[in-house]
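Every heavy atom of this structure was used, including side-chain atoms; hydrogens, water molecules and symmetry mates were not.
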Amino acid sequence: MKKYFFIFFVFAMSLSAVCAQTAKTAPEDFNAFFKKFNSDPKFQVSRVIFPLKYQMNNDDFDLSDYTMSKDRYKVLKLDNKADEKYLKRTLSIKKHKVTLQQRGLDNGIYIDYIFELKDNKWFLKTWVDQST
């Protein structure tokens with residue numbers, strides 16, 4: 001009887017290890033991530049790749065490279081419903097990359113936020129702001 005109990009115990013432990021490994025390797029759902037990213041500031045900061053490299057128009061409207069440290073980062077609100085009257089949002093979803101395009105309705109806003117799947121978790125990698 002002890003022999004069968006031991007075999008069952010080893011089988012159960014192996015099965016739980018396989019389940020735990022599968023849970024760790026399953027990629028995070030982007031929609032669930034995005035909802036939490038916009039509602040929890042601490043979570044958002046933890047999911048930004050620092051130093052954050054981004055591009056933005058300078059005073060001459062030339063696209064320039066910039067870098068932002070964690071202490072200079074301001075929390076983003078990328079799903080604000082009130083913005084919809086003057087802003088159109090489009091998600092371009094690929095396997096390991098999601099681009100959120102924000103296009104202004106007659107106001108010059110033109111920003112792409114790029115998220116990347118890294119170790120099965122989504123992170124804000126960069127943005128490109130070509131607004132005028």
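The CG atom of Asp29 sits 13.0 Å away from atom NZ of Lys36, with the distance rounded to the nearest 0.5 Å. Atom NZ of residue Lys74 and atom CE of residue Met68 lie 8.5 Å apart, to the nearest 0.5 angstrom. Put simply, CD on Gln130 and OH on Tyr110 are 6.0 Å apart, with the number rounded to the nearest 0.5 Å. Note: Ser92 OG to Lys97 NZ = 8.0 Å, rounded to the nearest 0.5 Å. Atom OG of Ser46 is separated from atom NZ of Lys70 by 8.0 Å, given to the nearest 0.5 angstrom. Glu116 contributes atom CD, which lies 10.0 Å from atom CG of Asp119 (distance to the nearest 0.5 angstrom).
For the residue pair Leu124 and Ile114, the shortest heavy atom distance occurs at CD1-O, 3.5 Å. In plain terms, the two heavy atoms of Ser64 and Asn58 that are nearest each other are OG-ND2, 3.1 Å. Among all heavy-atom pairs drawn from Ser131 and Asp129, the shortest one is OG-OD1, 2.7 Å. A pairwise comparison of heavy atoms in Leu87 and Ile109 identifies CD1-CG2, 3.7 Å as the closest pair. In plain terms, the two heavy atoms of Arg89 and Asp83 that are nearest each other are NH2-OD2, 3.2 Å. Taking every heavy atom of both residues into account, Lys118 and Phe123 meet most closely at O-CE1, 3.6 Å.
Relative ring orientation between Tyr54 and Trp127 is described as tilted, the plane-to-plane angle lying within the 30° to 60° band. The aromatic rings of Phe34 and Phe115 sit perpendicular, their planes meeting at an angle over 60°, well past the 30° parallel limit.
Between the side chain of Thr126 and the backbone N or O of Lys53, at least one donor-acceptor pair lies under 3.5 Å. The backbone N or O of Lys77 sits nowhere less than 3.5 Å from a side-chain atom of Asn38 that would complete a donor-acceptor pair. Although no hydrogens or angles enter the test, the distance criterion places a donor-acceptor pair under 3.5 Å between the side chain of Asp40 and the main chain of Lys42. Using modelled atom types, one side-chain atom of Glu28 and one backbone atom of Trp122 make a donor-acceptor pair closer than 3.5 Å. Using modelled atom types, no side-chain atom of Gln102 and backbone atom of Ile111 make a donor-acceptor pair closer than 3.5 Å. Side chain of Asp60 to main chain of Asp62: no donor-acceptor pair is present (N/O by atom type, distance under 3.5 Å, no hydrogens or angles). The backbone N or O of Tyr86 sits less than 3.5 Å from a side-chain atom of Asn107, completing a donor-acceptor pair. Although no hydrogens or angles enter the test, the distance criterion places no donor-acceptor pair under 3.5 Å between the side chain of Asp112 and the main chain of Val128.
Taken together through direct or relayed side-chain contacts under 4.5 Å among Ile, Leu, Val, Met, Phe, Trp and Tyr, Ile49 and Leu76 form parts of separate hydrophobic clusters. If you chain together hydrophobic residues whose side chains sit under 4.5 Å apart, Leu52 and Phe43 fall into the same group.
Cation-pi geometry between Arg47 and Phe33 is not met at under 6.0 angstrom from the ring centre and within 45 degrees of the axis.
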Worked verdict on Lys125 versus Val48 for side chain to side chain contact (heavy atoms under 4.5 Å, CB included)
CA-CA 6 Å; Lys125 181 180 180 182; Val48 176; over 6 Å; no

Could you walk me through whether Tyr73 and Phe50 pass the ring pair (Phe, Tyr, Trp, His ring centres under 6.0 Å) test, one step at a time?
CA-CA 9 Å; Tyr73 180 79; Phe50 289 106; 5.5 Å; yes

Give the C-alpha distance, both sets of side-chain angles, the deciding distance and a yes or no for side chain to side chain contact (heavy atoms under 4.5 Å, CB included) between Tyr66 and Gln55.
CA-CA 6 Å; Tyr66 296 92; Gln55 293 183 309; over 6 Å; no

Mind running side chain to side chain contact (heavy atoms under 4.5 Å, CB included) on Tyr113 and Leu78 for me, showing each step along the way?
CA-CA 9 Å; Tyr113 294 93; Leu78 301 177; 3.6 Å; yes

Dump the intermediate steps for side chain to side chain contact (heavy atoms under 4.5 Å, CB included) on Leu105 and Lys88, then the final yes or no.
CA-CA 7 Å; Leu105 305 173; Lys88 180 182 176 193; 4.3 Å; yes

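In this structure the side chain of Met56 never reaches within 4.5 angstrom of the side chain of Asp65, judged on heavy atoms.
Heavy-atom neighbours of Asp59 CG from other residues, nucleotides or ligands within 6.0 Å: at or below the threshold of 12.
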